[in-house]
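Letters A, B, ... are given to chains in the order of the sequence lines, protein chains preceding strands, and every chain is numbered from 1. Please read all numbers here as calculations on a predicted model, not as lab measurements.
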2 protein chains.
Amino acid sequence: MSVENPRERVLEAAGEIFAEKGFKGATVREIIDRADVNIAAVNYYFRDKERLYIEAVKHVACVDADEHLAWPRGTPAADKLADFIRYHVARLLDPHKPAWHARLMMRELSQPSDACTELVREYIEPKSKILGGILEELLPEGTPRSRRALTAFSIMGQILFYSTHKPIVSLLMGEQDDPYADTKVLADHIVRFTLRALAQPEA
Amino acid sequence: MSVENPRERVLEAAGEIFAEKGFKGATVREIIDRADVNIAAVNYYFRDKERLYIEAVKHVACVDADEHLAWPRGTPAADKLADFIRYHVARLLDPHKPAWHARLMMRELSQPSDACTELVREYIEPKSKILGGILEELLPEGTPRSRRALTAFSIMGQILFYSTHKPIVSLLMGEQDDPYADTKVLADHIVRFTLRALAQPEA
DNA sequence: ATTTGTATCAAACAGATGTTTGAAAGTCAA
DNA sequence: TTGACTTTCAAACATCTGTTTGATACAAAT
């Protein structure tokens, strides 16, 4: 929160708080308080709370879109898939990384607002293309598009579950095997589970 | 909403609206309006909005806990798993069934309140036991508890994804392959994906 | 120096929202 | 009927919250 630009400070603070509490749950006073600006700034820079929300979502989508996964030619598809899964598990669950970027976007995707269209175009679609490309290599030729999509959702569903339902996971697994202590174990489980499911396309 | 008992009417209306909009997003006025009671009823019967929320969550957990899956002795574990998955997909996505029961509970489990403890005890734990039991049969003997738990989450993650991220799924798949048109296809995909993943425990 | 446009601020406003009140109506037993 | 108790109601209350205002400070250009 140490950016000088006040507009950006509000944007960052808004992202964090919207991610944590949702649109209704977040208050502009808490946001401007964290951004350390006057309350009139939200009207001055963004017109109103809703536009601020939209801009906040677009902002993280824009920032995140820059980080792109890429592999050298000839990398086995299975390795790419493993990387893809590990990358997103780390992104969502690594305690050292700020998870609110992904959280804000996931929130938006479960209750879409006007920000959704741009979010999909700038963030979801590119990621979707990456995963889709990997699956195209991995699945047998002639697998229909819809089947590929369902497979992609099976993968993302596993990954996102640990992010959105963290409390219940911790509760059910207990302290001694808390999976969030070592996200690599978690990612490896998802990788293995998925690769096994894809290993025998017609069982 | 045609119950005579006003207390129950409020409870039902509250459940629906809390499920749709969350705790903050729901207003007591909208709730009492749908329940067709005076606004003072929430104070009279539940003391305040928060207690009403807790009671609403407990209420659906209690109702849902009655429906239990059971199979005749000797049913193959794979069949049980398929039933389990199909049951929950239908429960969450079948347009003929009210999905707000499950939605309300999922919401609670991603942002737990005081209602969470009872919800886990009355609803999650039993379901967890059922799925855990199936996996115990299905996974090779000696598989550690933590591995079973991760596998269970891989299954639930797939199922819940379609519920929580319905908008983005529809958007990405397009109208012609909209998976919500036929939830059986969806359930079958998850069943096959999962059974293949479990078929070769060490690959 | 004057003007013009930008940025920041404290204060207030208007509406929504959770909650409470005190009375009225209804219920039921003695 | 009386009295005690429960339930329902319209109204008001207090607070929170999004938004606006008008003044002030600052900077750059004329």
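A salt bridge does not link A/E122 with A/K58: every distance from a Lys NZ or Arg NE/NH1/NH2 to an Asp or Glu carboxylate oxygen is 4.0 Å or more.
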I'd like to know whether A/R29 forms a side chain to side chain contact (heavy atoms under 4.5 Å, CB included) with A/I39, so could you lay out the CA-CA distance, the side-chain angles of the two residues, the decisive distance to 0.1 Å, and finally the verdict.
CA-CA 7 Å; A/R29 281 181 174 80; A/I39 192 171; 3.7 Å; yes

Apply side chain to side chain donor-acceptor pair (under 3.5 Å) to residues A/E55 and A/Y45 and explain how you reach the verdict.
CA-CA 10 Å; A/E55 291 302 316; A/Y45 288 111; over 6 Å; no

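As a whole-Å value, the separation of A/R51 CZ from D/dG18 P is 17 Å. Taking atom CG of A/D33 as the reference point, atom C1' of D/dT17 lies 14 Å away to the nearest angstrom. Taking atom NZ of A/K21 as the reference point, atom P of D/dC16 lies 14 Å away to the nearest angstrom. Put simply, CG on A/L52 is 10 Å from P on D/dG18, counting in whole angstrom units. The distance from atom CG of A/D36 to atom P of C/dT8 is 11 Å, rounded to the nearest whole Å.
Counting heavy atoms of neighbouring residues, nucleotides and ligands inside a 6.0 Å radius, atom CD of A/E175 does not exceed 12 of them. By the neighbour-count criterion of 12 heavy atoms within 6.0 Å, atom NZ of A/K127 is densely surrounded, having more than that number from other residues, nucleotides or ligands.
B/F46 comes within 4.0 angstrom of nothing in the nucleic acid, heavy atoms only.
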For nucleotides 11-19 of chain C, 5' to 3', base contacts (B), sugar-phosphate-only contacts (S) and non-contacts (-) with protein non-hydrogen atoms under 4.0 Å give BB----BBB

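B/E16 is listed as a side-chain neighbour of B/R34, based on a closest heavy-atom distance under 4.5 Å.
Here B/Y44 does not reach the OP1 or OP2 of C/dT20: none of its side-chain N or O atoms lies under 4.0 Å away.
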